[in-house]
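Worksheet: the structure to be examined is printed underneath.
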Amino acid sequence: MGMTLTEKILKNHLVDGEYNIGNEIGIKIDQTLTQDSTGTMAYLQFEAMNIDKVKTKLSVAYIDHNMLQSGPENADDHLYIQTIAKKHGIYFSRPGNGICHQVHLERFGVPGDTLLGSDSHTPTCGGIGMIAIGAGGLDVAVAMAGGAYYIKTPEIVKVNLKGKLGEYVSAKDIILEVLRRCTVAGGVNRVFEYAGEGIKCLSVPERGTITNMGAELGATTSIFPSDGNTLEFLKAQGREEDYIPLSADEDAVYDEVIDIDLDRLEPMIACPHSPDAVVPAKEVRGTKLTQVAIGSCTNSSFVDLMKVANILDGETVHENVSLVVSPGSKQVLTMLSENGALAKIINAGGRILESGCGPCIGMGQAPSTNGVSLRTFNRNFKGRCGTETADVYLASPEIAAVSAIKGYIASAEDFDGDVDLNIEIPNTFLINDNLIVRPAEAGEDVEIIRGPNIKPFPKNKPLEDLITGKTLIKVGDGITTDHIMPSNAHLLPYRSNIPYLSEFCFNQIDKDFAANAKKYGGGIIVGGLNYGQGSSREHAALVPLYLGIKAVMAKSFARIHKNNLINNGIIPLTFKDSDDYLTIDIFDELEIKNVLSGVDSGEMTVLNKTKNLQYVMNLDITKRHADILKSGGLLNIVGQLVG
Ligand code: MIC
Ligand code: SF4
């Protein structure tokens with residue numbers, strides 16, 4: 001029986017376990033990436049492992065999230081990451097060089113290799129044929145130290161693209177259509193492998209748009225074959241030697257096949273407040289806008305922004321709309337400035353931001369009260385933009401640019417047919433890696449600079465056999481890590497200061513959560529379906545740990561967050577009978593006996609002493625997870641793993 005592309009790469013990197021769907025496997029990691037909002041913590045954890053030099057083929061530390069420097073905190077963290085990178089054999093991508101995923105695709109991604117990144121959108125490099133996975137910072141630190149990364153052997157979904165994209169329809173519409181069909185919970189422990197005639201009309205950056213936003217499915221990752229388009233891209237990036245052809249076997253067997261007819265696809269849009277609330281753009285056409293934001297790791301490539309420039313050429317952004325544009329990388333921004341496209345955007349009234357995450361992570365450009373923002377980004381969770389009352393829609397750069405001119409959400413009928421949207425990737429990109437700092441040959445001489453904002457991270461203690469505590473919060477379905485540990489221009493500078501961040505845990509939902517956790521000496525969180533979806537930020541586990549959270553009882557968990565909880569010694573329990581969820585209330589007194597044997601058997605009984613009820617809970621973990629939990633977290637046993 002033939003193999004899927006995913007299976008080929010995973011089997012090639014298998015270092016532990018048996019490749020069988022659902023079974024845990026350990027894979028060797030060739031490359032790692034970190035960004036600054038999760039990086040400081042990952043490097044503090046790496047330091048705790050006492051390793052001189054990273055053991056990967058390549059590790060890169062990017063600065064792209066915390067770019068506003070309204071106080072010294074961010075600049076201090078940049079210095080810490082820069083010096084630690086230099087010392088330990090890690091390449092350092094300076095602020096201004098671009099968003100980690102965009103730059104990694106351009107300059108470092110290698111077909112057939114594995115990449116682990118401390119950011120949920122690491123699968124972007126699946127666009128170049130890598131198995132690229134997002135994880136918590138501690139997992140990335142372990143990979144840098146030479147340890148394996150563990151996943152459940154995934155189911156493989158074939159997304160069969162038929163035909164060819166029509167006018168005004170682009171890669172973003174493909175992934176929005178996949179999200180419409182599969183939902184934000186539809187990808188857990190699955191890899192989405194793209195195939196079919198239709199992939200030929202997609203360049204590597206366009207494929208990156210699709211694999212990037214595959215993160216919103218909760219998928220382990222997404223991947224495209226490495227083919228002629230991959231070679232063309234690598235050649236244009238001056239990296240032809242990194243090319244190898246890779247694809248699934250003709251007779252590969254998939255767990256599910258999804259057919260998408262590109263000829264019939266139309267512009268799509270995700271409505272507030274979830275990336276899977278997708279409808280055809282024409283259904284919401286006419287919705288008045290106050291802001292349009294173009295950029296992010298999903299849609300800020302050269303091709304994307306050339307289309308935007310051509311649409312804006314000679315036009316003026318609508319008087320009620322603020323248009324902000326953040327190019328994905330220095331390469332893109334320089335090329336746009338040299339070929340005149342940037343002038344077209346500026347002339348039309350576009351406000352140019354530096355190459356970085358910017359508004360996507362609430363670093364500035366929060367919309368007005370009750371504002372309506374159309375963005376080319378990948379997430380529109382409530383409040384993530386920095387304005388609680390704002391509505392955020394997600395669409396392609398083409399739709400965004402036309403909408404900025406019109407002042408309302410546009411659809412296919414609003415395009416001017418004369419505008420050239422047939423942009424090919426150039427034969428040669430402008431290559432200048434001067435903002436990538438090489439690591440030192442002799443790292444021992446490098447002094448690590450630590451600003452006062454860097455505080456030690458919390459460590460858990462070995463698990464005890466009895467857990468007691470109150471329900472400190474009860475939340476519904478689809479709670480994101482943005483809800484658990486919000487990010488915005490005020491909070492992001494404190495990513496290396498868990499005590500400070502802890503004051504804001506869950507504050508969008510319950511302002512008293514942190515105070516209650518302190519008052520009652522910790523406790524238990526109760527959640528609904530897909531608890532912890534979205535960002536990979538380990539802070540959504542580290543902060544609850546700091547506040548004394550011992551367990552989370554939920555209907556189901558998102559993959560990365562569940563791992564982060566386990567890595568930090570917090571028990572992720574799921575309801576055997578989801579009706580039990582209905583009977584728990586905030587401040588109910590809970591008790592779990594025989595915790596240690598429960599960790600081994602995969603089942604625990606929670607006694608609700610307030611209601612005099614018992615809940616049977618599942619603990620769906622592996623033997624390795626059980627060891628981590630019992631030891632009080634991965635860092636307590638990391639020596640054994642990377643030895
Ligand atoms: C995001 O898009 O939410 C982030 C910011 O890039 C996160 C990482 C973080 O929280 O720092 C992610 O997606 O993993
Ligand atoms: Fe940055 Fe946004 Fe991409 Fe996250 S999703 S890496 S914040 S651009």
Side-chain angles (χ1 to χ4, degrees), residues 185 273-274 381-384 388 458 460 463-464 466-486 491 498-499 501-534 537 539-558 561-562 564-566 568-593 595 598 604-619:
H273 299 283
S274 182
F381 305 140
K382 195 168 168 38
R384 180 177 158 103
E388 271 301 306
N460 214 336
L463 203 59
E464 290 176 7
L466 176 71
I467 291 179
T468 55
K470 284 185 191 296
T471 309
L472 287 180
I473 191 168
K474 179 179 175 183
V475 289
D477 295 343
I479 287 297
T480 69
T481 46
D482 280 79
H483 291 107
I484 306 169
M485 193 57 253
L491 290 180
I498 299 292
L501 278 187
S502 70
E503 300 295 326
F504 302 89
C505 188
F506 277 118
N507 79 336
Q508 249 183 292
I509 303 175
D510 177 1
K511 295 253 175 295
D512 298 325
F513 176 80
N516 285 332
K518 285 187 185 149
K519 180 164 155 199
Y520 296 116
I524 290 173
I525 292 171
V526 176
L529 289 169
N530 206 21
Y531 180 82
Q533 66 164 320
R537 66 190 69 147
H539 302 74
L542 285 164
V543 165
L545 165 63
Y546 178 80
L547 291 172
I549 300 301
K550 312 236 168 27
V552 181
M553 298 163 64
K555 291 187 192 162
S556 66
F557 287 92
H561 186 58
K562 182 175 170 186
N564 286 341
L565 289 174
I566 295 172
N568 287 288
I570 300 175
I571 308 177
L573 296 166
T574 47
F575 290 94
K576 201 159 215 161
D577 177 353
S578 57
D579 285 349
D580 286 345
Y581 167 90
L582 301 171
T583 68
I584 309 185
D585 288 306
I586 184 161
F587 302 136
D588 280 358
E589 266 322 320
L590 306 176
E591 180 181 277
I592 316 176
K593 285 189 183 139
V595 172
M604 286 187 195
T605 303
V606 178
L607 178 66
N608 184 336
K609 290 164 90 175
T610 311
K611 305 269 167 59
N612 202 15
L613 291 169
Q614 284 202 350
Y615 311 124
V616 182
M617 305 295 299
N618 287 327
L619 179 57

Is it true that atom [atom1] of [X] has more than 12 heavy atoms of other residues, nucleotides or ligands lying nearer than 6.0 Å?
| X | atom1 | value |
| --- | --- | --- |
| Lys593 | NZ | no |
| Glu464 | CD | no |
| Asn612 | CG | no |

State, with a plain yes or no, whether a side-chain heavy atom of [X] is found less than 4.5 Å away from one of [Y].
| X | Y | value |
| --- | --- | --- |
| Asp588 | Val526 | no |
| Leu590 | Thr471 | yes |
| Val552 | Ile525 | yes |
| His483 | Val475 | no |

Any side-chain to backbone donor/acceptor pair from [X] onto [Y]? Under 3.5 Å, distance only.
| X | Y | result |
| --- | --- | --- |
| Asp577 | Asp579 | yes |
| Lys474 | Ile584 | yes |
| Lys382 | Glu388 | yes |
| Lys562 | Ala558 | no |

About how many Å separate [atom2] of [Y] and [atom1] of [X], when rounded to the nearest 0.5 Å?
| X | Y | atom1 | atom2 | answer |
| --- | --- | --- | --- | --- |
| Leu547 | Leu501 | CG | CG | 10.5 Å |
| Met617 | Met553 | CE | CE | 4.0 Å |
| Asn564 | Phe557 | CG | CZ | 12.0 Å |
| Ile571 | Ile592 | CD1 | CD1 | 5.5 Å |
| Cys505 | Leu472 | SG | CG | 10.0 Å |
| Thr610 | Glu589 | OG1 | CD | 5.5 Å |

Sole residue of Gln508, Arg384, Gln533 in side chain to side chain donor-acceptor pair (under 3.5 Å) with Asp482: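 Single side chain to side chain donor-acceptor pair (under 3.5 Å) partner of Asp482 among Gln508, Arg384, Gln533: Arg384.
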
For residues [X] and [Y], report the shortest heavy-atom separation together with the two atoms involved.
| X | Y | value |
| --- | --- | --- |
| Asp477 | Leu529 | OD1-N, 2.8 Å |
| Arg537 | Met485 | NH1-O, 2.9 Å |
| Lys555 | Thr574 | O-CG2, 3.8 Å |
| Gly534 | Thr481 | C-OG1, 3.9 Å |
| Ile484 | Gly532 | CD1-CA, 4.2 Å |
| Thr583 | Asn608 | O-ND2, 4.2 Å |

Salt bridge Lys519-Asp512, side-chain N to carboxylate O under 4.0 Å: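 Salt bridge: no.
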
Parallel, tilted or perpendicular: rings of Tyr531 and Phe506 (30°, 60°):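 The rings of Phe506 and Tyr531 sit tilted, inter-plane angle from 30° to 60°.
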
Audit row: Ile479, Ile509, side-chain contact (heavy atoms from CB on, under 4.5 Å) steps and yes/no: CA-CA 10 Å; Ile479 287 297; Ile509 303 175; 3.7 Å; yes

